[in-house]
Structure formats: structure tokens, C-alpha cells
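Counting from 1, the numbers follow the sequence of the chain as shown.
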Amino acid sequence: DYNNDYNDYYQEGADERKLNGKAFMIFFLALVLLVGVGLCLYFFVFAKGEESSEFDNITVNDDRLGTITTVVSEGDNTVTINAYPNSSVTFMGWARGDIFGNIVISEDSTITLSLNDEANYIALFNQTSRSYSDGSLTYTLFNEAHLATVTGVDSFQESTLTLPSIVNVSYQVYKIDDNALSGLDLTEITISEKIIDVGEGNIVGENLASINVSSLNNIYYSYNGSALIESETSTLIAGTTNGQLPEGIVEITSNAYNGNNITSLEVPASVKRIGANAFANCQMLEKVTFAEGSTLESLGQSAFAGCTSLKSINIPSSITKIEDNTFDGCASLNSVEIEGSNIEIGQYAFRGNESLAEFDFSKISSIGRFSFDGAGLTTLTLPDNVVSLSEGAFANSSFESVDLTQNTQLVGLSAQTFRGCEALESVVIPSQYLTIGEYCFSGCSALSQVSFEDNSSLHTIYDNAFNSC
């Protein structure tokens, strides 16, 4: 009986919970509730006052479900609650509210609460699940916890989607599985107040123009309908075709705009990280600018890969590495301005940039594998600051002339460095070079003259270095 359990629990420990006459209480009601909402440990957390030491390291056990423990931090007046499920059940998350109306707030097994919090919290456990469809979308229903996740698309074919809060009478839709909505071509989506995890690959689409979020949602908010922001971390999760980004966000997450028909973009100065594939395949994106005073620290792999209309980019001084494939396949890119120094260029970073006729290597320290493969570079003067030149770095480029003699740091050429540079007519090999790698100049069909500086140290030319020249 709920009331008897409560009274027994309270009376047995009443004396222990009284601290010097102060009204300071924490009640942990470990009850197995099977009345309508399923299998859970139910906690009422009510705390007032200053003393907390006697409430540290409380343990509540339930043979069917698991164990709950608490650790109090007196310094910041918080209590950390940990859930440890038994092997026969799965911990689903923490909900705030009561057994008749609650909202999931976290999937983590650990939550930290203020000792002045007067809310109810429920630890949700589950044993069984089943599939369900409402005719539009498919779900997994977690029977005991009364939760639901969106798993895919059934017959839904519209361009506007409003995600439900509840399905099948009483199951709270709290999560979208990764890629569950990936097959839809949405122009507008609305996120309910109960969604705490939108998953990956769901809020994307080349024509996505509006993202709406319930004002009651505590995890996400919408910025003018143009971007989905995670409130706690100030992370942009997904964006729309209008390209408005709010000042104050610190991260643009992976795939946030992947495939979107955005045409221009200004990245706020507050953004420190741009995730992998964040703007990949935005084929209509022509212009990207970084706000003055940019604090950008990292550009993720393939961040702008496949942006075939992108014409220019100015990379802020705070960037120290251009990651793998960052501008891979940007066929229209003809201007790259780099403000920093000692920059590392990752592999395939500018591959296929056939419009890129010039590049300033004076700020570059290392050039990765095939980083300029197929680029439109017509001339190359390799400065002394370049200390590493990897395999295939300039393969299939459009060089007519190459000057390697200005660099004294390199002691050889890697395999395939200039392979397939069909317009290259002559090259001078610096005196400090020891080796020329295999296939280094293979396929350079116009190459008619190879000269060696006086006092050459060259001792090895590997197989096929000058094949088909």
C-alpha cells in the first residue's frame, strides 16, 4: 500500500532526519509502482536548510530493479543520485514529475540535483518492449517504463512533420533513433516538449526551411525557426536553408547542415568547433565568412566536402590544422586565405579543387597524403617552412612549373608526389634530396627535363619514379 509504505518509511527514520530542529529533509521513497505507469523507483526530493551530511551515501535497494545511491556535495549544495539496474532490467532514464504526469530529463544513470529542489524524480526501468506504428511513423514501445522511441517511417510522405508527445494512449515519445527520419524530404519539423534526444541524421534535408520546438522543451530551443540549439551546451544541432546562426553558440555539430540548400553563411565569433560533415554536400553554398574576432579552434573532417559552388574561404588565425577532406570536392573553390601560421593540412583536404589555381604555402608546415590531388594548381614554389610532404600530395594537379629548391627541410620526395601531373615540363631536384619515391613523377607525360643541383646527395630512385614520362 502506497500510504502505509510512505508512513512506515517516514516514521522509522523521522528522528534521524531531524537536524538540530531545522526543517531540512530528503525523502527517498523506494516503491515498485505498477499502477498504470509501469516499473520504476519513485523519489520525492524535498530539501531545505543548510546541513546535509547525514543524507550522504544513502543506498536504496530493490531486488527486482536495482540500487540507488546518493552522494551529497556540501560545497555546492547538491546531491548526486546514481542508478544501478539489475541484470534483468534496463535503466531508461530519469523523469521529473509524478507517476501520472512526468517528462524524461536525462538518459544518464547519474543526475545531480540541488538540495533545494522541490520536484519529484522517477528512475525509469524497463523489462520488455514491442514494435508499434501509428500509420505514419514506427516506434519501439517500452512497456514497463511507458516510453517510446521513433524508429522509422511507415507511410508518412508529407513535407511537414510534427512529432507527437504521446502514442498509443500513454507512451511518452522521448527519443528519435539515429537516422529514423533520414528518408524524409522535410521542409518543416516540430519537436515536442518531451523529446530529449533527436538522434543523428534526422533533422536534415536539402529543403528544410523551418525547425520549431515546443516552448516547454527543456533540452532544445529553436532560433527564429532557423536552427535547433541544445540549450545546456549552446550547440547547434541542425540548421535550415536561411542560414541564420545565433551569436553565443559554441559548436556546430556533425552533419548539422549536411545536404542543405543553404546559399551563404556567416559563422559567429563565438563558435569554437565545427563538426565533421557539418556543411558537407551543401551544393548551393557559395559564400562562407567567419565573423571578426573568430575563436574557431577546429574544423572537422569533411566539414565543407562536396560544396561544389563554394568559391572562397578565409580560415581564421585560431585554426592550426585543416583536417582530412575538409574541402574535398569543392570544384569551384578558387581562393583560400589562411590567417594563421604553421598550419597542418590533412589528407585529401583540397582534393578535386580544380578551380584552385594558386595557394600560399608560406604558412603551411605539413602537407598530407593526396591533399591537393586533382587541384588546379599551375605553379608551385615550396617554401622552407614546409617540413613534411606526404604521398601523392600534388598528384594529378595542373602544374606547368615546380620550384623545389627554396626548401631545405625536405630530404626527398614521397611516392606519387607529382604522379599524373600531365602539364609538368621540367623539375630541378634539390641537392639535399636522398630519395625519389616510387611513381613520384609517373604519368607526367610532358616532363622532358629533370635536373639535379650540384653536389647532389641523391642515392635512391625507387621503381617507376619516372614511368610514362
### Query
Can you check side chain to side chain donor-acceptor pair (under 3.5 Å) on E344 and T320, steps first, answer last?
CA-CA 7 Å; E344 298 178 44; T320 59; over 6 Å; no
Give a yes or no on whether the backbone of [Y] and the side-chain of [X] come within a donor-acceptor separation of less than 3.5 Å.
X	Y	answer
S318	L296	yes
N242	Q244	yes
S309	L285	no
S170	H146	no
S214	L216	yes
N353	S355	no
S302	N277	no
Y220	V198	yes
S457	Q432	no
T417	S414	yes

#### Entry: Electrostatic pair R351:D373 at N-O distance under 4.0 angstrom
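Result for this pair is no, no salt bridge flagged.
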Can you see which heavy atom on [X] is nearest to which on [Y], and at what distance?
X	Y	value
L356	S335	CD1-N, 4.1 Å
F372	S397	O-OG, 2.9 Å
E193	I103	O-CD1, 3.0 Å
A278	T253	CB-O, 3.7 Å
I189	L163	CD1-CD1, 4.4 Å
F394	C421	O-SG, 3.2 Å

Are the side chains of [X] and [Y] in touch, meaning some heavy atoms are under 4.5 Å apart?
X	Y	answer
F441	L413	yes
T241	N260	yes
F370	D328	no
I315	I313	yes
Q172	L124	no
K194	I166	yes
V250	R273	yes
L181	L161	yes

### Message
Under the side-chain hydrogen bond (donor to acceptor under 3.5 Å, both in side chains) test against Y139, which residue among T151, D134, T149 passes?
### Response
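It is D134, the one option of T151, D134, T149 that forms the side-chain hydrogen bond (donor to acceptor under 3.5 Å, both in side chains) with Y139.
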Pairing donors with acceptors under 3.5 angstrom, does anything connect the side chains of [X] and [Y]?
X	Y	value
N325	Y348	no
D384	T408	yes
Q416	S442	no
T78	D76	yes
S362	D360	yes
T110	N82	yes
N385	N342	no
N143	Q127	no
S264	E286	no

How long is the span from the [atom1] atom in [X] to the [atom2] atom in [Y], to the nearest 0.5 Å?
X	Y	atom1	atom2	answer
I461	Y433	CD1	OH	13.5 Å
I338	I364	CD1	CD1	4.0 Å
S388	I345	OG	CD1	11.0 Å
T235	I249	OG1	CD1	8.5 Å
N212	N224	CG	CG	11.0 Å
L265	C307	CG	SG	9.5 Å

### Query
Please walk me through it: do R96 and N218 pass side chain to side chain contact (heavy atoms under 4.5 Å, CB included)?
CA-CA 11 Å; R96 181 173 56 239; N218 293 318; 2.9 Å; yes
### Pair L377-F361, side chain to side chain contact (heavy atoms under 4.5 Å, CB included): steps then yes or no
CA-CA 12 Å; L377 299 174; F361 290 96; 4.2 Å; yes
### Output field: ring centroids F359/F327 closer than 6.0 Å
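They do not qualify: ring centres at least 6.0 Å apart.
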### Task
Decide if the gap between the ring center of Y223 and the ring center of Y221 is smaller than 6.0 angstrom.
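No, the ring of Y223 stays outside the 6.0 Å limit from the ring of Y221, centre to centre.
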### Message
Determine whether L404 and F418 satisfy the following criterion, side chain to side chain contact (heavy atoms under 4.5 Å, CB included), listing intermediate values before the conclusion.
### Response
CA-CA 12 Å; L404 304 175; F418 294 98; 4.1 Å; yes
Mark yes when over 12 heavy atoms from residues, nucleotides or ligands other than [X] sit less than 6.0 Å from its [atom1]; otherwise mark no.
X	atom1	value
E425	CD	no
E292	CD	no
E200	CD	no
E422	CD	no

#### Entry: F304 and its ring pair (Phe, Tyr, Trp, His ring centres under 6.0 Å) partner, picked from F279, Y257, F350
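Between F304 and the candidates, ring pair (Phe, Tyr, Trp, His ring centres under 6.0 Å) is satisfied uniquely by F279.
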### Task
Output, in order, the C-alpha distance, side-chain angles, deciding distance and verdict of side chain to side chain contact (heavy atoms under 4.5 Å, CB included) for V386 and Q409.
CA-CA 7 Å; V386 177; Q409 304 297 317; over 6 Å; no
